[in-house]
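Contents: one structure, followed by commentary.
This structure is a prediction, so every number in the text was calculated from the model and none was measured.
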Amino acid sequence: MYIGFDTSNYTTSVALFDGENMYQSKRLLSVKNGERGLRQSDAVFQHTVNMPILLDKLDTEIKNIDAVGVSVRPRNIDGSYMPCFLVGKNNAAAVSRVTGAKLYETSHQVGHILAALYSVNRLDLVKTEFIAFHVSGGTTEALLVKPDSDELIKAEVIAQSRDLKAGQAIDRAGVMMGFDFPCGKKLDELSQKSDRKFNIKPPMLGNDCSLSGVENKAKAMFEKGETSEDISRFVLSFISAAIDKMTELVIEKYGNLPFVYAGGVMSNTLIKNNITKKYDAYFADPVYSCDNACGTAIYAYLKDKNE
């Protein structure tokens, strides 16, 4: 039995993996109406309150744990740090000490990638090169992923948003329209009710995109009194066009490697449908796209088996 912890800025997550089946328990952090995020101190407090509740929900004997996995930073690069990950790290360390189970630390980004691979039954890809898109509130990146003897997989950024991230654009538009944060599900739902077509040519600099224009255009549409359905469809269509173009440019440079799309934004219906019409790509089930601890449980499992 392998347990994983992830305490991102907006979700407290714990997961158990028995080698075949995944069990997870998670809770979104609470954000006040009209606000677009949380201070780190507030996130740490909510994670601390949530963690024992989620562990109780898993209903397992902690003594049966073979290895523990946890995300301790956003990315596996120097200087990548957020205080909210300390809650998961401390809980994972406590479980490891009590049970004697091995403790394996990784990043939130690696967790997202592994959860996506597990979802589409392609964990075998950790042994070869592939492309992973990690698209969320804090990240809009295309990554060249290679096997790594120490970190299991190493991700190199090969394309990204130069300014606003996709999840930020979605949430800012949603909060502007009066919706509760996070706004991804609401915009997804509303966008399906619009039949507007938008001719979008996303601004690119090399393989990188710019999403700052999304917020400005959405605000202009809102001030003109356009419907929330049309605004939602525009925002998601713009992001979809940018990801589409990044995918096209990455293929031109790196060849047609396997493509995996992960992160909360990648659970969006419009974006997924547009991308899968053009490319042979893997999209994780939404429960494995949004923030979760499943990837860190998988990380513990794979590291334990490889030692």
pair [X]-[Y]: side-chain heavy atoms closer than 4.5 Å:
| X | Y | result |
| --- | --- | --- |
| Tyr104 | Leu302 | no |
| Leu55 | Ile3 | yes |
| Ile131 | Ile158 | yes |
| Met246 | Met204 | yes |

Determine whether more than 12 heavy atoms belonging to other residues, nucleotides or ligands lie under 6.0 Å from atom OH of Tyr254.
yes
In terms of heavy-atom contacts, does CG of Asp124 have more than 12 from other residues, nucleotides or ligands at under 6.0 Å?
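Buried by this count: over 12 neighbours within 6.0 Å.
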Distance-only, no hydrogens or angles: does the Lys303 side chain make a donor-acceptor pair with backbone N or O of Asp150 under 3.5 Å?
yes
Donor-acceptor pair, distance only, cut-off 3.5 Å: does the side chain of Gln24 make one with the backbone of Ser13?
no
Side-chain donor-acceptor pair present, Gln40, Asn9, cut-off under 3.5 Å:
yes
Is a side-chain donor-acceptor pair under 3.5 Å present for Thr139 with Arg75?
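Note: Arg75 and Thr139 side chains meet the donor-acceptor criterion.
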Side chain to side chain donor-acceptor pair (under 3.5 Å) partners of Asp291, counting only residues at least two apart
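Asp291 satisfies side chain to side chain donor-acceptor pair (under 3.5 Å) with Ser8, His108, His112 once adjacent residues are dropped.
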What donor-acceptor contacts under 3.5 angstrom involve side-chain atoms of residues 279-286, with partners at least two apart or in another chain?
unit_1, atom_1, unit_2, atom_2, d
Tyr279, OH, Asp244, O, 3.3
Tyr279, OH, Asp244, OD1, 2.7
Tyr282, OH, Arg122, NH1, 2.5
Asp285, OD1, Val287, N, 3.1

How far apart are the C-alpha atoms of Ile298 and Met22, what are their side-chain angles, what is the distance that settles it, and do they pass the side-chain contact (heavy atoms from CB on, under 4.5 Å) test?
CA-CA 9 Å; Ile298 291 292; Met22 185 72 71; 3.7 Å; yes
Answer yes if Val214 and Phe179 sit in the same cluster of Ile, Leu, Val, Met, Phe, Trp and Tyr residues linked by side chain heavy atoms under 4.5 Å apart, and no otherwise.
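The answer is yes; both residues are in one hydrophobic cluster.
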Over 60° means perpendicular and under 30° means parallel, so tell me whether Phe259 and Tyr261 are parallel, tilted or perpendicular.
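Ring orientation of Phe259 relative to Tyr261: parallel.
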Phe17 vs Tyr2 aromatic rings, parallel, tilted or perpendicular, using cut-offs 30° and 60°?
tilted
Using a strict threshold of under 4.0 Å (side-chain N to carboxylate O), is an ion pair present between Glu151 and Arg73?
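A salt bridge is absent here (no side-chain N lies under 4.0 Å from a carboxylate O).
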Each residue besides Leu86 in its hydrophobic cluster should be listed here, by chain and number; the cluster joins Ile, Leu, Val, Met, Phe, Trp and Tyr at side-chain heavy-atom distances under 4.5 Å.
Tyr81
